[in-house]
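Right, one structure below, let's go through it.
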Number of protein chains: 2
Amino acid sequence: MTIHASIAAAHAATSPKTRRAPARKPAKEASLSKAERRAETTEQILDEAEYLFSKHGLYGVTLKDVAKRADVHHTLVNYYFKDKDTLFNAVFERRAEVTRELRMKALEEYETVNAGNLTVEGALHTFLDTDLDLYGSGGEGWRNYGALASQVANTPEWGAKLMDKNFDPVVLKLVDIINRALPQASKVDIFWGYHFVSGALLLTLARTGRIDKLSDGLCRSDDFPAVKARMADFMAAGFKAVCK
Amino acid sequence: MTIHASIAAAHAATSPKTRRAPARKPAKEASLSKAERRAETTEQILDEAEYLFSKHGLYGVTLKDVAKRADVHHTLVNYYFKDKDTLFNAVFERRAEVTRELRMKALEEYETVNAGNLTVEGALHTFLDTDLDLYGSGGEGWRNYGALASQVANTPEWGAKLMDKNFDPVVLKLVDIINRALPQASKVDIFWGYHFVSGALLLTLARTGRIDKLSDGLCRSDDFPAVKARMADFMAAGFKAVCK
DNA sequence: ATTATCTATAGATCTATAGATAATGC
DNA sequence: ATTATCTATAGATCTATAGATAATGC
């Protein structure tokens, strides 16, 4: 008898003999079509996976954890998403697409409206404020996604690759605008400046609670408006100090 | 018959009947005392665990992976370190202690030597350059540790707690010096400034290779001197711009 | 005599799939 | 008829420990 069989046997022995017919999950909303319900379950799984991945990382989460939180049978996670990697990628790409395109549009608009009068402050405000508004006011899902993104961005190999794939164009657009705002600056200085901006933004998105404790409550990790009020100008001054 | 028994049986069947007496690992250096060899094995396990944790995080590494890389029997990891958490903490604390004390001493010396003439640049150079030298020139172990620290710092809950426990005093010392250099500034602004510095430093330590790809090779993730040449002044300008 | 190393194993997972059954769609 | 859900399970891990054996210490 295999281990599994003995566990099953033990379980059967302690279970009531007269089990009710397996209780399938009833339709949550009779009014929803099959396609609508599929979409809803998919989102539900994505939301809970996002939450768990943001707290414990890819390897710190099991598919069973996800199923349990999403309140679906554990085999359904494999049914809706082929495997764990597919699920993780789906979680990451869902919102990556949104922030990527929002920022790209914002930068293009800034570029058009302020052609001939580009500034580092302007470019950074456009890039950062768009994101900080999104993460700050987009609800719990966006906050979780931010924490996840910060972990991914600090993960070598596949993490960096995932960032490259999603965000290279929008970052290069930002760098290009800053470069035109500071034509005398060297590209190397500007790239390192972006690197500093990126690190500061990512730690903000992580919302680790560390700044709260350090400042004895003066600052709060989830106070995105406070970051928005300071970050672009702080970084712009940095660019100007180094790029000359 | 349990699964394990059948696996063992199958294995025995395919193994040569006349197994040599189990080949214990011979002394690497006959000259080493038992205590010295224990210390060496301990360091070996710590080094390889550090490498693996830095690449895949706490949950992405198994004790068997560590044992294999460290070239010790897999049960020895539990023998030398009670369990996985103990091992992880040992890895983290080993170098945390060094960087913590190095920076604290550097800041105290800066404070003493420049009493009455404290500057943001000076404080930041002291804090950052000490660390960047260490991670840049300390060898592979320190580079791995840096990547690990950046992951820990971006991990909510236990990650942030581990950072608090190890680095709060030295950070508060830095904040205090900056505060005295900018007496008119608000504490809130200074703490947010530190938050930006911290994020930028951590992403540097992560050495994800992202800046290399973005800049098409102009910048390199492991070019700590390039960061050292720019970071303190960049950030000091940020503090001054926001704190007034 | 003490410490380090290895054998063997318990017990608990985890991921993924095949196949059965129930619910919706047309 | 098609899709969603559940049952049952294979097969592969993983962590941790008890107990045996070999190597060093005194």
Tell me the interatomic distance from [X], atom [atom1], to [N], atom [atom2], rounded to whole angstroms.
X	N	atom1	atom2	answer
A/Leu58	C/dT15	CG	C1'	13 Å
B/His74	C/dT9	NE2	P	13 Å
A/Leu63	D/dT13	CG	C1'	14 Å
B/Lys68	D/dC14	NZ	C1'	15 Å
A/Lys82	C/dA18	NZ	P	12 Å
A/Phe88	C/dT15	CZ	C1'	17 Å
A/His73	D/dT3	NE2	C1'	16 Å
B/Tyr79	D/dT21	OH	P	18 Å

Geometric class of the A/Tyr145/A/Phe92 ring pair [parallel <30°, tilted 30-60°, perpendicular >60°]: tilted

Please state whether the rings of A/Tyr135 and A/Phe224 are parallel, tilted or perpendicular, taking 30° and 60° as the class boundaries. parallel

Within the 4.0 Å heavy-atom criterion, would you say A/Thr62 contacts the bases, only the backbone, or no part of the nucleic acid? sugar-phosphate

Minimum heavy-atom separation for A/Ala49 to A/Val91, with atom names? CB-CG2, 3.9 Å

At a heavy-atom distance below 4.0 Å, what parts of residues 48-56 of chain A sit against DNA chain C? none

5′-ward residue of the pair B/Asp85/B/Ala35 relative to DNA chain D: B/Asp85

Hey, is the side chain of [X] poking within less than 4.0 Å of OP1 or OP2 on [N], counting only N and O atoms?
X	N	result
B/Lys34	C/dT3	no
A/Arg38	D/dA4	yes
B/Tyr80	C/dT5	yes

Electrostatic pair B/Arg94:B/Asp47 at N-O distance under 4.0 angstrom: yes

Selection residues 75-84 of chain B - residue pairs positive for salt bridge (Lys or Arg N to Asp or Glu O under 4.0 Å), sequence neighbours left out: none

Salt bridge (Lys or Arg N to Asp or Glu O under 4.0 Å) pairs touching residues 127-136 of chain B, sequence neighbours excluded, are B/Arg103-B/Asp131, B/Asp133-B/Lys228

d(A/Glu140 CD, A/Glu50 CD) to nearest 0.5 Å is 9.0 Å

Are side-chain N/O atoms of B/Asp65 and B/Thr62 paired as donor and acceptor at under 3.5 Å? yes

Of the candidate nucleotides [options], which contains the atom at the shortest distance from the side chain of [X]?
X	options	value
B/Asn78	D/dA4, D/dA23, D/dA16	D/dA16
A/Arg37	C/dT24, D/dA23, D/dA8	C/dT24
A/Leu76	C/dT15, C/dT7, D/dT5	D/dT5
B/Lys64	C/dT15, C/dG25, D/dC14	D/dC14

Quick one: stems involving DNA chain C, counted as three or more successive Watson-Crick or G-U pairs, both distances short of 3.5 Å. C:1-24 with D:1-24

A/Lys34: which residues meet the salt bridge (Lys or Arg N to Asp or Glu O under 4.0 Å) condition with it, sequence neighbours left out? none

Could you note down all residue pairs passing side-chain hydrogen bond (donor to acceptor under 3.5 Å, both in side chains) where residues 208-220 of chain B supplies at least one of them, sequence neighbours left out? A/Asp164-B/Arg210, A/Asp168-B/Arg210, B/Asp212-B/Ser221, B/Arg220-B/Asp222

